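The structure appears below as structure tokens.
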There are 2 protein chains.
Amino acid sequence: MSEQKKVNVAVLGATGAVGQKMIETLEDRDFPVKELKLLSSSRSAGSKISFKGEEYTVEEAKPESFENVDIALFSAGGSISKKLAPEAVKRGALVIDNTSAYRMDPEVPLVVPEVNEEDIKENKGIIANPNCSTIQMVAALKPIDDKYGLKRVLVSTYQAVSGAGNDAVDEMNEQSRAMLDGKEYETNILPVKGDEKHFPIAFNALPQIDVFEEDGYTFEEKKMINETKKIMHMDKLPVSATCVRLPFAVSHAESVYVEIDKEAVSVSDFRKVISNGEGLTLQDNPSEQDYPTPLSAAGKKDVFVGRIRKDPDVDYGFHMWVVSDNLLKGAAWNSIQIAERVVTNNWL
Amino acid sequence: MSEQKKVNVAVLGATGAVGQKMIETLEDRDFPVKELKLLSSSRSAGSKISFKGEEYTVEEAKPESFENVDIALFSAGGSISKKLAPEAVKRGALVIDNTSAYRMDPEVPLVVPEVNEEDIKENKGIIANPNCSTIQMVAALKPIDDKYGLKRVLVSTYQAVSGAGNDAVDEMNEQSRAMLDGKEYETNILPVKGDEKHFPIAFNALPQIDVFEEDGYTFEEKKMINETKKIMHMDKLPVSATCVRLPFAVSHAESVYVEIDKEAVSVSDFRKVISNGEGLTLQDNPSEQDYPTPLSAAGKKDVFVGRIRKDPDVDYGFHMWVVSDNLLKGAAWNSIQIAERVVTNNWL
């Protein structure tokens with residue numbers, strides 16, 4: 001980032017998978033941090049984390065922790081956000097919340113900067129960071145809607161284990177090793193830590209992310225459906241989703257099918273629209289076997305789009321394969337991007 | 001199987017992933033084998049394989065190998081089928097071919113017994129076994145079409161590595177171990193052995209199965225599209241597919257979206273139709289976290305269906321999650337099923 005007014009930043013959930021990426025991204029982007037405060041639950045307080053060569057001690061998050069904080073990046077779980085976000089706001093901080101606590105609150109803007117940056121201005125102290133799987137999809141949908149008009153979205157996801165936290169990645173690795181060695185293994189975390197049953201993720205696929213709702217959809221699927229409509233300001237857009245957890249650590253992939261409001265669009269025109277989209281990298285050359293994969297997208301900030309092709313029977317239907325690092329664009333980077341826009345536009 | 005006229009059976013590709021499952025399934029089903037001949041390429045000839053307590057030596061497949069064979073189960077690759085199937089037919093054998101060599105040949109029936117058993121009678125010496133990912137999908141589509149009429153199918157697959165052979169599974173396991181240990185690994189087989197580039201499958205997802213066609217679809221996707229129409233005798237059915245290889249050894253999973261020719265069908269009625277479908281097991285109870293996974297379906301013959309739910313915006317649209325062992329129903333078991341129907345119905 002270019003030279004800006006410096007701000008006091010707090011990261012809540014600093015020792016978690018996303019919190020760590022937030023701290024790395026603040027450093028990597030040279031975000032204009034005046035003072036940095038790293039916060040966590042009492043369990044992780046006392047941990048040491050380095051930022052720009054200096055060692056910071058993680059402190060237990062309390063309401064008073066947010067005194068003198070300008071921007072507070074929250075990623076410590078929904079119940080903690082519910083408890084502490086109002087306290088931070090009361091003390092004058094702008095909260096950028098990476099949990100599902102406030103995403104569907106009509107008073108809280110839900111923001112992917114490439115899609116609805118202007119919504120940031122509507123905030124009353126809290127800006128919600130969307131769900132990881134939603135962010136990368138709407139980033140790809142935005143230029144399509146701008147150019148052709150979106151009529152319908154159907155998505156099947158291929159989601160990384162780090163979306164369920166560092167513990168889930170550890171469990172996947174331990175299960176993998178045990179299965180390769182023909183040994184016993186434990187299964188305590190996925191699909192949902194607090195749910196009744198647990199199934200192995202190693203060498204498997206789990207068609208459940210988050211808890212089930214009454215209608216048979218999971219909460220993750222509901223997030224994709226509802227958040228997409230909110231971010232894109234398209235309440236009536238038909239969106240449906242199937243969300244699946246797969247045995248890889250980083251990057252979500254998505255098989256996205258769209259119907260557009262225009263006929264006779266060529267694949268090469270569609271590709272051009274994607275390649276000009278903000279925050280998108282077109283990676284789509286079948287003859288060179290060029291397409292994104294979870295491993296190829298890991299550690300990168302962009303949303304990668306490949307496998308673009310037209311439905312053989314439906315002239316206005318297109319497939320794409322959308323891949324992005326779920327901890328970066330899906331979480332930490334999107335939050336920092338929001339913070340950058342706030343600072344750059346003097347919206348604080 | 002009940003007591004039948006005994007027949008001479010040959011298995012070509014006896015040492016491969018599918019060939020091994022064919023031999024196991026013949027034994028498991030107590031198929032009325034008079035004499036069994038195990039055949040392979042010269043490279044694998046000489047291997048020993050046991051069947052019903054007796055040890056068999058695998059012989060190199062030659063045209064003369066098929067003398068006195070009643071049913072020849074082929075699973076040694078398309079080019080070998082092209083070369084040897086006519087030789088087997090010339091010598092009076094009925095070939096059940098598990099390669100893509102003859103699947104779209106208008107003279108060759110393409111059969112999933114639960115869907116189009118009667119097509120077996122049209123054979124002129126060769127019956128084709130469909131592609132693994134197609135078989136389990138059409139098994140699930142059949143009762144839906146019978147009851148409601150199918151209008152459209154969209155599928156995103158989650159396919160097991162064993163579909164690319166035993167070598168690919170070995171490579172996945174070696175890559176997994178190396179990645180867990182932070183060591184170097186080799187990448188020589190997937191996505192397509194004979195293709196230019198290779199990518200790691202361990203802790204990754206590869207949106208390429210088989211080679212790319214001119215229009216950007218892979219051959220695997222084309223197989224799902226074209227074979228579905230042929231098996232179901234629905235040339236005009238809109239079908240589109242995205243096929244993805246995932247890091248697990250056995251069972252393909254599929255996120256299948258269908259539009260039916262009837263409105264106001266309830267999820268519970270739809271479930272009833274699936275639970276009554278031949279060869280299908282309904283495994284769908286969200287409140288109990290009950291749904292099929294690749295690990296839960298491995299080693300079983302049925303096609304498992306769960307996660308049935310209605311599109312929130314499209315009253316005639318339904319999702320399902322279809323999982324089956326790709327080496328059994330997707331290959332060996334479907335071939336043996338065809339052979340059983342041939343014998344039971346005296347269609348030899």
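The sequence lines fix the lettering, A, B, ..., with proteins before strands; numbering per chain opens at 1. Model, not experiment: these values are computed from the prediction. Values below: every heavy atom of this structure, side chains too, minus hydrogens, waters and symmetry copies.
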Indicate the atoms forming the closest heavy-atom contact of [X] with [Y], along with that distance.
| X | Y | result |
| --- | --- | --- |
| B/P207 | A/T293 | CD-CG2, 4.1 Å |
| B/S240 | A/H319 | OG-NE2, 2.6 Å |
| A/E288 | B/K197 | O-NZ, 2.7 Å |
| A/L295 | B/A202 | CD1-O, 4.0 Å |
| B/Y158 | A/T157 | OH-O, 2.8 Å |

Item checked: Polar side-chain atom of A/Y257 near backbone of B/V155 as donor-acceptor pair, under 3.5 Å ->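 No; zero donor-acceptor contacts below 3.5 Å.
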Note to self: Would the distance check show the side chain of B/E196 and the main-chain N or O of A/Q289 forming a donor-acceptor pair, the cut-off being under 3.5 Å?
What the structure shows: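 Answer holds: no.
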Selection from [options] maximising heavy-atom pairs under 4.5 Å formed with chain A:
| options | value |
| --- | --- |
| B/V244, B/L237, B/N285, B/V211 | B/V244 |
| B/S255, B/A253, B/P247 | B/P247 |
| B/D215, B/L206, B/L154 | B/L154 |

Note to self: For a 4.5 angstrom cut-off between non-hydrogen side-chain atoms, does B/S296 reach A/F199?
What the structure shows: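 A side-chain contact is absent here, since even the closest heavy-atom pair is not under 4.5 Å.
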Item checked: Side chain to side chain, B/F203 and A/S176, heavy atoms closer than 4.5 Å ->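 Answer yes - side chains close enough.
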Note to self: If we define contacts as heavy-atom pairs under 4.5 Å, which of A/S156, A/A298, A/P191, A/G306 has the most with chain B?
What the structure shows: A/S156
Note to self: I'd like to verify something: which residue of A/V267, A/V323, A/V239 has the highest number of heavy-atom pairs under 4.5 Å with chain B?
What the structure shows: A/V239
Check: Regarding B/R309 and A/T242, is there a side-chain donor-to-acceptor distance under 3.5 Å anywhere?
Finding: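 Side chains of B/R309 and A/T242: pair found under 3.5 Å.
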Toward chain B, the part of [X] with a non-hydrogen atom under 4.5 Å:
| X | answer |
| --- | --- |
| A/I225 | side chain |
| A/E214 | neither |
| A/V314 | side chain |
| A/A205 | both |
| A/L180 | both |
| A/D195 | both |
| A/E174 | neither |
| A/S287 | neither |
| A/A241 | backbone |
| A/P292 | backbone |
| A/D311 | both |

Notebook entry, point to check: Any salt bridge between A/R177 and B/D181, counting N to O under 4.0 Å?
Noted result: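 Between B/D181 and A/R177 there is a salt bridge, with a charged N closer than 4.0 Å to a carboxylate O.
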Check: Of the options A/K229, A/K236, A/R152, A/K151, which is the one that meets B/D313 in a salt bridge (charged side-chain N to carboxylate O under 4.0 Å, His left out)?
Finding: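 Testing B/D313 for a salt bridge (charged side-chain N to carboxylate O under 4.0 Å, His left out) against A/K229, A/K236, A/R152, A/K151 leaves exactly one candidate, A/K229.
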Next item on the list: Would you indicate whether B/E186, at its atom CD, is surrounded by more than 12 heavy atoms from other residues, nucleotides or ligands within a distance under 6.0 Å?
Entry: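 For B/E186, atom CD is not crowded (no more than 12 foreign heavy atoms under 6.0 Å).
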Next item on the list: Name the orientation class of the two ring planes belonging to B/Y291 and A/F212 (parallel below 30°, tilted from 30 to 60°, perpendicular beyond 60°).
Entry: tilted
Next item on the list: Side chain from CB out, backbone as N, CA, C, O: work out which of these in B/E221 comes under 4.5 Å of a heavy atom of chain A, or both, or neither.
Entry: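 The side chain, not the backbone.
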